[in-house]
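Report on the structure given below.
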Amino acid sequence: MLKNRPIQEQVLIVLSLAIAAILAPFGVYRLIHADWVIGIFDISVTLFLILLSINVYEKRHIDVAKKALSIFVFSAVLITVYLKGKPQAVWLYPAIPLIFYLTTPLIAARVTIISIAVMAFLMHEIMSLFELMTMIFTYLGTGICSFAFGYQWHKHQQELISLTVTDPLTKIKNRRAFNDDLETLSITTKHCEEHVLLIFDIDNFKHINDIYGHDIGDNVLITITEIAQSILPENTELYRIGGEEFIIMFHNITQQSAEQFAHLLRHKIESAEMLENQQVTISIGVAGYQESGYCTSKWFKRADKALYCAKENGRNCVSFASSPKPKLL
């Protein structure tokens, strides 16, 4: 259902369909009156927008869809003006704020300036100087207002996104970001790709908090995050999903390489001197996406079960879910 999708997807789908609904009657009207070139063009734009909304709904490639929509809308406006002349120049006014919503303010400003320059070139022979200058300055006014709004909107949006997907203590991705990435992976991954999930948590962390205090416990979490980040390979994401529990998601990596990393991480943390008179250790569970049948929920459960196995077998070790019963390594 559309209402269960992220707000950006909802807006992009509704926006694409709304523009298609606006253009469709113009295309039909022109075809009925034998205005074939522009009629076919309007219908083509309408079909493109419908296909774009379907692609966003099924594939969820939001950034690609935004760029495609921006390029297509401005191209459509300029082509329409070229084919039909001065009356169609008004279509640039709604197109300008639209691109400031779809892209970053700087990119939108550049595209707007280029579009105004192209529009002035197309219109300079059929408009008087006063009409041309009026058109240019009203376009620029629309662009300036859109830039001011777009700059503030994008700034606040980035701040909100950062707050919702970032753990405030360790500054890495949080549980919500993990769930979003997991859902995206389930849609976009190919079955020839291998991904590995590593779940680890700090052994006896409650004891650390009780003995040393929560401030020291927070420092331990931050130090472990820094250690993990210092050895992370490329195409890898690190998350803190709650309390003392972390997740590492490896992309395009063999299970053997992930296993080697798990042992390296365990050794690095075990060797770090974080507390006086107490060693900090972690337990790790590892599971492959391919062997989990490319099912994200099963994948997470298998890695979590492997972590539980590591805990049950004395902690400070790695358990790999290479079979229904995790094998201690």
Side-chain angles (χ1 to χ4, degrees), residues 1-104 107-127 131-132 134-136 138-140 142-143 146 149-150 187-188:
M1 293 294 292
L2 187 60
K3 66 179 181 180
N4 296 326
R5 296 301 184 95
I7 188 65
Q8 286 194 47
E9 289 184 24
Q10 294 182 35
V11 171
L12 194 56
I13 291 171
V14 171
L15 192 60
S16 299
L17 293 177
I19 297 173
I22 292 171
L23 289 178
F26 287 94
V28 173
Y29 176 84
R30 285 163 176 159
L31 289 177
I32 291 174
H33 290 80
D35 194 353
W36 301 111
V37 175
I38 193 66
I40 292 173
F41 179 75
D42 285 345
I43 295 299
S44 299
V45 173
T46 300
L47 292 175
F48 170 82
L49 292 170
I50 294 173
L51 292 174
L52 182 68
S53 63
I54 294 173
N55 180 267
V56 172
Y57 185 83
E58 293 183 348
K59 303 296 184 180
R60 314 188 79 167
H61 296 158
I62 299 177
D63 292 336
V64 174
K66 283 185 174 182
K67 292 176 183 177
L69 184 58
S70 301
I71 295 171
F72 201 81
V73 166
F74 271 86
S75 300
V77 169
L78 296 176
I79 291 172
T80 302
V81 171
Y82 176 76
L83 294 174
K84 298 298 291 183
K86 184 167 68 173
Q88 306 302 315
V90 295
W91 285 108
L92 189 58
Y93 289 109
I96 291 173
L98 174 63
I99 195 172
F100 276 95
Y101 168 75
L102 294 173
T103 63
T104 63
I107 293 176
R110 295 189 187 105
V111 174
T112 298
I113 291 171
I114 293 171
S115 300
I116 292 173
V118 173
M119 189 71 77
F121 175 78
L122 295 174
M123 295 290 103
H124 78 282
E125 292 185 352
I126 59 176
M127 280 185 172
E131 287 179 316
L132 185 63
T134 300
M135 182 192 74
I136 291 174
T138 53
Y139 284 156
L140 287 174
T142 304
S146 298
F149 169 78
I187 296 172
T188 60

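Treat the numbers as computed from the prediction; the structure is a model and nothing was measured. We count residues from 1, following the sequence as given.
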Could you state the interatomic distance from [atom1] ([X]) to [atom2] ([Y]), rounded to the nearest 0.5 Å?
{"X": "Thr112", "Y": "Ile99", "atom1": "OG1", "atom2": "CD1", "answer": "5.5 Å"}
{"X": "Asn55", "Y": "Leu12", "atom1": "CG", "atom2": "CG", "answer": "9.5 Å"}
{"X": "Ile19", "Y": "Phe72", "atom1": "CD1", "atom2": "CZ", "answer": "11.0 Å"}

side-chain contact (heavy atoms from CB on, under 4.5 Å) assessment of Arg110 paired with Ile107: CA-CA 5 Å; Arg110 295 189 187 105; Ile107 293 176; 4.2 Å; yes

Would you name the heavy atoms of [X] and [Y] that are closest together and state the gap between them?
{"X": "Ile38", "Y": "Arg30", "answer": "CG2-CD, 3.4 Å"}
{"X": "Val90", "Y": "Tyr139", "answer": "N-OH, 4.4 Å"}
{"X": "Leu122", "Y": "Leu78", "answer": "CD1-O, 4.0 Å"}
{"X": "Lys66", "Y": "Leu102", "answer": "CD-O, 3.2 Å"}
{"X": "Ala24", "Y": "Ile43", "answer": "O-CD1, 4.3 Å"}

Quick check: are there more than 12 heavy atoms from other residues, nucleotides or ligands sitting under 6.0 Å from OH of Tyr29?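 No, not enclosed.
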
Check step by step if side-chain contact (heavy atoms from CB on, under 4.5 Å) holds for Val73 and Leu98. CA-CA 9 Å; Val73 166; Leu98 174 63; 3.9 Å; yes

Report the C-alpha separation of Met119 and Val77 in whole Å, then their side-chain angles, then the decisive distance to 0.1 Å, and conclude whether the side-chain contact (heavy atoms from CB on, under 4.5 Å) test is met. CA-CA 9 Å; Met119 189 71 77; Val77 169; 4.1 Å; yes

Full working for side-chain contact (heavy atoms from CB on, under 4.5 Å) between Ser70 and Val111: CA-CA 9 Å; Ser70 301; Val111 174; over 6 Å; no

Taking the side chain as every heavy atom from C-beta outward, state whether [X] and [Y] have any pair of such atoms under 4.5 Å apart.
{"X": "Met123", "Y": "Ile136", "answer": "no"}
{"X": "Phe41", "Y": "Thr80", "answer": "yes"}
{"X": "Phe74", "Y": "Ile114", "answer": "no"}
{"X": "Leu92", "Y": "Ser115", "answer": "yes"}
{"X": "Asp35", "Y": "Lys84", "answer": "yes"}

Given 3.5 Å as the limit, does a donor-acceptor pair link the side chain of Thr138 with the main chain of Met135, or not?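 Looks like yes, one N/O pair under 3.5 Å.
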
Identify every side-chain donor-acceptor pair in residues 45-54 under 3.5 Å, counting partners at least two apart or on other chains, and give the distances.
from, atom 1, to, atom 2, distance (Å)
Thr46, OG1, Asp42, O, 2.9
Ser53, OG, Ile50, O, 2.6

Can you name the residues that form a side-chain hydrogen bond (donor to acceptor under 3.5 Å, both in side chains) with Glu9, not counting sequence neighbours?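 Glu9 satisfies side-chain hydrogen bond (donor to acceptor under 3.5 Å, both in side chains) with Arg5, Arg60 once adjacent residues are dropped.
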
